[in-house]
J.: 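Submitted below is the structure of interest, expressed as structure tokens.
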Amino acid sequence: MNSNTIIITVPPEADGTRADIFLANFTKDILSRSAAQKILTINGIGKNLRVKAGEVFSLEIPAPAPQKAEPEEIPLNIVYEDDDLLVVDKPSGLVVHPAAGHSSGTLVNGLVFHCNLSGIGGESRPGIVHRLDKDTSGLMIVAKNDAAHIAISEQFERNELYREYNALCLGVLQQDRLRIDSPIGRHPRDRKKMAVSPPRARTAVTYIEVLERFKSHTLVSARLETGRTHQIRVHLAHIGHPVLGDPTYGAARQSLSRFGQILHAVKVKFIHPSSGEEVAFNSPLPEYFLEALQKVKS
């Protein structure tokens, strides 16, 4: 089983805290107290140890075992479907595949109920060529057989799969167009987050175009050249204009956060694996996005 290594530095406010309580608090909803105790045992650390401010721990955390996606009758907004693939318009708030904390009720559970999928992604991620974050809405390509999965994945790896998003971000961007070329990798201290230029970061390029400016927000189009985890969210936050409602990379408090994360995949374009022809699909802005736009205009 693979594992992840996390480096934890004890902050001053945690001085004297029991090790299992500190680890559970540090990892928030990732680990329960009992899970934290197991991690400490694996790393040879007693749970009753009292941590000291400034102390540094390097912990090996075993990767969770993959969970099989059981079929569930979940409503799907299918934009296109044939023998090779589906294009699905995912709503905001829907998790893509089963994982820790989300064993059911995901997009994949609904897809498995609907049809047969490519097995390349394994039992928990069948058919999934690329993902959207839980709070990101819009278009996703899903493979129904292995040949289609491989063909689309190759386009993805060669940066030939066109993906365009609309985002409402904080602040007013001054440049009409910009290219963000900043490598992205796993955050060195928070394994749930990504960051610009940490160790072992990979190339990440995003093209931003301003669509409309408001008093304190900007509507932008974001086109991906690469496909790193959280790429648009990380890059916009990096230049000082985080996505409105982003709970991870946005401002701590946002007056419009009730609308959720305002990021929507509006277009995908790729070469169909069987016909060899270019196909393109578009998704209109969903209601939550339009409501947020109306609010920032007023």
Side-chain angles (χ1 to χ4, degrees), residues 77 79-80 86-96 107 128-142 152 155-156 159-173 175-182 184 193-194 196 202-214 217-250 254 256-257 259-270 278-294 296:
N77 184 2
V79 176
Y80 175 83
L86 306 97
V87 177
V88 180
D89 199 337
K90 186 189 86 68
S92 174
L94 181 63
V95 175
V96 170
L107 176 66
I128 300 302
V129 181
H130 67 114
R131 291 180 291 168
L132 294 179
D133 302 332
K134 172 189 173 183
D135 296 322
T136 300
S137 56
L139 299 174
M140 282 183 56
I141 307 164
V142 180
I152 297 170
Q155 293 180 55
F156 188 93
N159 300 326
E160 296 172 353
L161 197 157
Y162 181 92
R163 290 155 294 154
E164 182 181 339
Y165 296 69
N166 279 180
L168 187 58
C169 57
L170 296 177
V172 181
L173 274 75
Q175 295 174 263
D176 291 336
R177 294 180 178 82
L178 66 154
R179 179 178 184 267
I180 306 173
D181 184 354
S182 300
I184 291 175
K193 296 176 63 175
M194 307 301 288
V196 167
R202 301 173 67 190
T203 299
V205 178
T206 307
Y207 295 90
I208 302 295
E209 179 179 354
V210 171
L211 300 178
E212 191 170 358
R213 293 182 177 92
F214 308 103
H217 299 81
T218 308
L219 175 65
V220 302
S221 166
R223 181 171 63 83
L224 293 175
E225 181 176 302
T226 55
R228 308 301 173 218
T229 301
H230 301 173
Q231 179 171 318
I232 293 172
R233 298 162 60 196
V234 172
H235 271 171
L236 284 173
H238 178 64
I239 64 171
H241 296 280
V243 174
L244 178 65
D246 186 337
T248 304
Y249 306 102
Q254 300 175 9
L256 301 177
S257 59
F259 293 109
Q261 181 174 282
I262 314 300
L263 179 62
H264 181 70
V266 295
K267 184 174 183 177
V268 293
K269 183 168 61 176
F270 55 98
E278 184 178 85
V279 291
F281 302 93
N282 296 276
S283 170
L285 294 179
E287 184 176 350
Y288 80 91
F289 201 124
L290 295 174
E291 289 179 353
L293 274 177
Q294 189 61 39
V296 300

J.: Given 3.5 Å as the limit, does a donor-acceptor pair link the side chain of Ser182 with the main chain of Val196, or not?
T.: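 It does not hold such a pair.
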J.: Using the side-chain contact (heavy atoms from CB on, under 4.5 Å) rule, pick out the option among Leu107, Val79, Leu132 that qualifies with Val88.
T.: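 Of the listed options, the one satisfying the test is Leu107.
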J.: Using the ring of each side chain (for Trp, its six-membered ring), is Tyr80 parallel, tilted or perpendicular to Phe281, with breaks at 30° and 60°?
T.: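 Rings of Tyr80 and Phe281: tilted, as their planes differ by 30° to 60°.
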J.: Within a strict 4.5 Å, meaning less than it, do heavy atoms of the Ser137 and Tyr288 side chains meet?
T.: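 Counting from C-beta outward, Ser137 and Tyr288 do come under 4.5 Å.
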J.: Donor-acceptor pair, distance only, cut-off 3.5 Å: does the side chain of Thr218 make one with the backbone of Arg213?
T.: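 Looks like no, no N/O pair under 3.5 Å.
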J.: List the atom of Ala204, the atom of Arg228, and the distance in Å for their closest heavy-atom pair.
T.: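 Taking Ala204 first and Arg228 second, the nearest heavy atoms are CB-CG, 3.7 Å.
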J.: Please report the interatomic distance CD1(Ile208) to CD1(Ile180), rounded to the nearest 0.5 Å.
T.: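 Reported value, rounded in 0.5 Å steps: 4.5 Å.
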J.: When rounded to the nearest 0.5 angstrom, what is the spacing between NE2 in His241 and CG in Leu236?
T.: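 Here the rounded value is 8.5 Å.
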J.: Go through the steps to decide whether Glu164 and Ser221 satisfy the test side chain to side chain donor-acceptor pair (under 3.5 Å), and finish with yes or no.
T.: CA-CA 7 Å; Glu164 182 181 339; Ser221 166; 3.1 Å; yes
J.: Output the distance between atom CD (Glu225) and atom CZ (Arg163), rounded to the nearest 0.5 Å.
T.: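 Glu225 CD to Arg163 CZ: 10.0 Å, rounded to 0.5 Å.
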J.: Are any side-chain N or O atoms of Asp133 and backbone N or O atoms of Asp135, one a donor and one an acceptor, separated by less than 3.5 Å?
T.: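 No; judged by distance alone, with no hydrogens or angles, the pair does not exist.
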J.: Just by modelled atom types, is the Val243 backbone N or O under 3.5 Å from a matching donor or acceptor in the Arg233 side chain?
T.: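 It does not hold such a pair.
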J.: Lys267 side chain to Leu139 main-chain N or O, any donor-acceptor pair under 3.5 Å?
T.: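 The answer is no, because no donor-acceptor pair under 3.5 Å joins these two groups.
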J.: Less than 4.5 Å apart, side chain to side chain, heavy atoms only: is that true for Leu178 and Ile239?
T.: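 Touching, per the 4.5 Å side-chain cut-off.
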J.: State, yes or no, whether a side-chain contact exists between Ile184 and His230 at a heavy-atom distance under 4.5 Å.
T.: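 Answer no - side chains too far apart.
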J.: Using the rule given for side chain to side chain contact (heavy atoms under 4.5 Å, CB included), can you reason through Phe259 versus Leu244, listing the C-alpha separation, both sets of side-chain angles and the distance that settles it, and then say yes or no?
T.: CA-CA 9 Å; Phe259 293 109; Leu244 178 65; 5.5 Å; no
J.: Say you draw a straight line from NE2 of His217 to CG of Leu170; how long is it, rounded to the nearest 0.5 Å?
T.: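 These two atoms lie 5.0 Å from each other.
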J.: Can you list everything that forms a salt bridge (Lys or Arg N to Asp or Glu O under 4.0 Å) with Arg131? Sequence neighbours excluded, please.
T.: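 Counting only residues at least two positions away or on another chain, Arg131 forms no salt bridge (Lys or Arg N to Asp or Glu O under 4.0 Å).
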J.: Determine, stepwise, if the pair Leu285 / Leu293 fulfils side chain to side chain contact (heavy atoms under 4.5 Å, CB included).
T.: CA-CA 10 Å; Leu285 294 179; Leu293 274 177; 4.0 Å; yes
J.: Rounded to the nearest 0.5 Å, what separates atom CD in Gln155 from atom NZ in Lys269?
T.: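 Here the interatomic distance stands at 12.0 Å.
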J.: Where is the tightest heavy-atom contact between Tyr249 and Asp246, given as atom of each residue plus distance?
T.: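 Nearest pair, atom of Tyr249 first, then Asp246: N-OD1, 3.1 Å.
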J.: Can you confirm whether the side chains of Thr136 and Tyr165 place a donor and an acceptor under 3.5 Å from each other?
T.: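 Result is no, nothing qualifies.
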J.: For Arg177, is there an ion pair with Glu209 - N to carboxylate O distance below 4.0 angstrom?
T.: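 Salt bridge: yes.
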J.: Excluding sequence neighbours, so at least two apart, what forms ring pair (Phe, Tyr, Trp, His ring centres under 6.0 Å) with Tyr162?
T.: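 Counting only residues at least two positions away or on another chain, Tyr162 forms no ring pair (Phe, Tyr, Trp, His ring centres under 6.0 Å).
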J.: Would you say the side chain of Val279 lies within less than 4.5 Å of the side chain of Phe270, judging by non-hydrogen atoms?
T.: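 Phe270 reaches Val279 side chain to side chain.
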J.: Specify the closest pair of heavy atoms between Met140 and Lys90, including all atoms of both residues, with the distance to one decimal.
T.: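 Looking at all heavy atoms of both residues, the closest pair is SD-CD, 4.2 Å.
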J.: What residues, two or more places apart in sequence or in another chain, satisfy side-chain hydrogen bond (donor to acceptor under 3.5 Å, both in side chains) together with Gln231?
T.: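 Checked Gln231 against side-chain hydrogen bond (donor to acceptor under 3.5 Å, both in side chains); matches are Thr206, Thr226.
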J.: Report yes or no: does His264 contribute a side-chain atom to a donor-acceptor pair with the main-chain N or O of Pro284 at less than 3.5 Å?
T.: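 The answer is yes, because a donor-acceptor pair under 3.5 Å joins these two groups.
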J.: Got a second to check how far Thr229's OG1 is from Met194's CE, nearest 0.5 Å?
T.: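 Here the interatomic distance stands at 4.5 Å.
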